[in-house]
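Read the numbers this way: they start at 1 and go in the same order the structure lists the ligands and their atoms. It should be emphasised that the depicted structure is a prediction, and the values quoted were computed from it without experimental measurement.
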Amino acid sequence: MSEPAAIFTAEALAGGGTGPLYLRLKSLIRGAIDKGALTAQDALPSEREIASQLDISRVTVRKALTELVDEGVLTQKRGSGTYVTGQGQRVEQRLSRLTSFTEDMLARGLMPSVKWLQKTVASPSPDEAMVLALSPNERVIRLRRLRMADGRPMALELAVVPARMLASPDAVGSSLYEALQTAGIRPVRAMQRLSAESLSAEDAEALSVPAGSPALYIERISYLADGRAVEFTKSHYRGDAYDFVVELTTSGETE
Ligand code: GLP
C-alpha cells in the first residue's frame with residue numbers, strides 16, 4: 001500500500017467532484033480503498049492531520065469519517081484511531097451503536113452545545129437506586145441539560161450516574177461519554193426504551209415549542225463490560241427535530 005497520508009492531497013480531493021467537501025472526502029477514501037491504496041486494517045491519519053493536509057475543517061473530516069463508519073467502510077477504535085474495516089467486521093459496524101448526543105450531532109454535521117440546568121451530587125430516587133443497583137446511602141451525580149444542535153434546542157436530558165464512578169460532577173464538561181471515557185468507564189452496552197409523549201408546559205418552554213408538543217421520550221440504562229450500570233438517563237427529544245433510525249438485519253447476516 002502507499003503511505004495513507006500521501007492519499008490525502010488537495011489534488012485528490014478536487015478529483016472527487018464539486019459537491020460538498022465531506023462527500024468529496026468520502027469518495028476520495030472510498031476510491032483509495034477501491035484502488036487498493038488503502039486496504040483492510042490500514043490506519044488513517046488522525047482527523048487533525050487530514051484536516052490540515054487538505055486545508056478543510058475538522059468538522060468536515062469528522063462528518064466524512066463518521067458516515068463511513070456508519071456505512072461499515074471504516075472502523076473507529078477508541079483511543080487508537082480509524083481503520084479500514086476488515087472482512088467480517090462490516091456487519092457489526094452496521095448494527096445500532098452506543099453513541100452519545102455529541103457524537104450523534106457531529107455525525108449529522110451539526111455543532112452540539114449544552115445549557116446546564118443542574119449539575120449536583122444528590123440522593124437517588126427509589127427507581128434510580130434500583131436501576132443503578134446502588135447500596136443504601138450511595139449518592140448519585142445528577143446532570144440536567146438542555147442539549148442543542150447548531151444553537152437549536154433539541155433535547156432535555158437528565159443523566160444520573162453513581163457518584164463513586166466520577167471524581168465530581170465537574171468531571172463532566174460538554175459530553176458525559178467523554179468524561180466516562182476519560183475515567184475508563186465508557187459503557188459498552190445499553191437498554192433503551194422509546195415512547196411518545198406530550199411535553200409539559202415547562203419542558204416545552206425550555207425546548208422553544210408550544211406546550212403539549214410531541215416529544216420522543218428515551219430512557220437509557222448503560223452498562224460496563226462487567227455488568228455494572230453506569231448511567232440512567234431520561235431524555236425528551238423535540239418530536240419535530242429528531243429521527244431515530246435503526247438498521248435491521250436478519251440474524252444470519254450478523255454471524
Ligand atoms: C444520548 C443518550 C444519553 C447519553 C448521552 C451522552 O443523549 N440518550 O443516554 O447520556 O447521549 O451524550 P454526551 O456524551 O454528549 O453527553
Side-chain angles (χ1 to χ4, degrees), residues 47 58-59 62-63 65-66 69-70 76 78-79 95-122 124-125 127-128 130-133 140-163 165-197 199 203 206-207 214-225 228-246:
E47 252 176 34
R58 285 184 67 178
V59 175
R62 190 171 306 151
K63 186 166 159 78
L65 297 187
T66 307
V69 167
D70 286 341
Q76 250 151 9
R78 236 166 275 138
L95 297 178
S96 302
R97 295 185 313 129
L98 179 51
T99 51
S100 69
F101 179 89
T102 303
E103 292 161 343
D104 287 347
M105 294 308 126
L106 290 173
R108 290 167 169 75
L110 304 172
M111 190 48 71
S113 58
V114 170
K115 181 177 169 205
W116 283 99
L117 304 172
Q118 192 185 26
K119 200 183 198 186
T120 51
V121 176
S125 68
D127 66 326
E128 289 163 1
M130 196 183 69
V131 164
L132 295 171
V140 290
I141 291 175
R142 199 179 286 282
L143 307 165
R144 192 164 151 75
R145 292 174 283 178
L146 174 65
R147 317 221 51 179
M148 290 165 287
D150 282 353
R152 177 180 180 219
M154 288 287 284
L156 272 171
E157 196 156 73
L158 171 65
V160 179
V161 176
M165 291 200 167
L166 286 174
S168 87
D170 291 329
V172 183
S174 56
S175 163
L176 171 61
Y177 278 19
E178 209 174 284
L180 295 176
Q181 187 160 332
T182 305
I185 49 167
R186 180 162 170 143
V188 296
R189 188 174 71 81
M191 289 300 293
Q192 187 154 287
R193 175 204 295 261
L194 290 88
S195 54
E197 279 196 5
L199 288 168
D203 288 356
L207 288 168
L216 191 59
Y217 175 64
I218 303 183
E219 247 180 47
R220 185 185 287 183
I221 306 169
S222 304
Y223 301 91
L224 304 179
R228 285 180 296 158
V230 67
E231 87 167 304
F232 180 28
T233 297
K234 299 174 178 180
S235 317
H236 284 93
Y237 282 81
R238 261 173 65 159
D240 62 345
Y242 195 77
D243 283 338
F244 191 78
V245 179
V246 185

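Ala159 meets the side chain to side chain contact (heavy atoms under 4.5 Å, CB included) test with Leu143, Leu176, Thr233; sequence neighbours excluded. Here Ala206 pairs with Leu156 under the side chain to side chain contact (heavy atoms under 4.5 Å, CB included) rule; sequence neighbours left out. For Arg145, there are no side-chain hydrogen bond (donor to acceptor under 3.5 Å, both in side chains) partners two or more places apart in sequence or in a different chain.
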For ligand 1, find each of its N or O atoms that sits under 3.5 Å from a protein N or O atom, and tabulate the pairs with distances to one decimal place.
{"unit_1": "ligand 1", "atom_1": "7 (O)", "unit_2": "Glu157", "atom_2": "OE1", "d": "3.4"}
{"unit_1": "ligand 1", "atom_1": "7 (O)", "unit_2": "Glu157", "atom_2": "OE2", "d": "2.6"}
{"unit_1": "ligand 1", "atom_1": "7 (O)", "unit_2": "Tyr237", "atom_2": "OH", "d": "3.0"}
{"unit_1": "ligand 1", "atom_1": "9 (O)", "unit_2": "Glu231", "atom_2": "OE1", "d": "3.0"}
{"unit_1": "ligand 1", "atom_1": "10 (O)", "unit_2": "Glu231", "atom_2": "OE1", "d": "2.6"}
{"unit_1": "ligand 1", "atom_1": "11 (O)", "unit_2": "Phe101", "atom_2": "N", "d": "2.9"}
{"unit_1": "ligand 1", "atom_1": "12 (O)", "unit_2": "Phe101", "atom_2": "N", "d": "3.1"}
{"unit_1": "ligand 1", "atom_1": "12 (O)", "unit_2": "Arg147", "atom_2": "NH1", "d": "3.2"}
{"unit_1": "ligand 1", "atom_1": "14 (O)", "unit_2": "Ser175", "atom_2": "OG", "d": "2.6"}
{"unit_1": "ligand 1", "atom_1": "14 (O)", "unit_2": "Leu176", "atom_2": "N", "d": "3.1"}
{"unit_1": "ligand 1", "atom_1": "14 (O)", "unit_2": "Tyr177", "atom_2": "N", "d": "2.8"}
{"unit_1": "ligand 1", "atom_1": "15 (O)", "unit_2": "Thr102", "atom_2": "N", "d": "2.9"}
{"unit_1": "ligand 1", "atom_1": "15 (O)", "unit_2": "Thr102", "atom_2": "OG1", "d": "2.4"}
{"unit_1": "ligand 1", "atom_1": "15 (O)", "unit_2": "Arg147", "atom_2": "NH1", "d": "3.4"}
{"unit_1": "ligand 1", "atom_1": "15 (O)", "unit_2": "Arg147", "atom_2": "NH2", "d": "3.0"}
{"unit_1": "ligand 1", "atom_1": "16 (O)", "unit_2": "Arg145", "atom_2": "NH1", "d": "2.9"}
{"unit_1": "ligand 1", "atom_1": "16 (O)", "unit_2": "Arg145", "atom_2": "NH2", "d": "3.2"}
{"unit_1": "ligand 1", "atom_1": "16 (O)", "unit_2": "Arg147", "atom_2": "NH1", "d": "3.0"}
{"unit_1": "ligand 1", "atom_1": "16 (O)", "unit_2": "Arg147", "atom_2": "NH2", "d": "3.4"}
{"unit_1": "ligand 1", "atom_1": "16 (O)", "unit_2": "Leu176", "atom_2": "N", "d": "2.7"}

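By the 6.0 Å and 45° rule, Arg189 stacks over the aromatic ring of Tyr223.
Put simply, the side chain of Arg238 gets close to the backbone of Leu207: a donor and an acceptor are under 3.5 Å apart. The main-chain N or O of Asp170 is found under 3.5 Å from a side-chain atom of Ser168 such that the two form a donor-acceptor pair.
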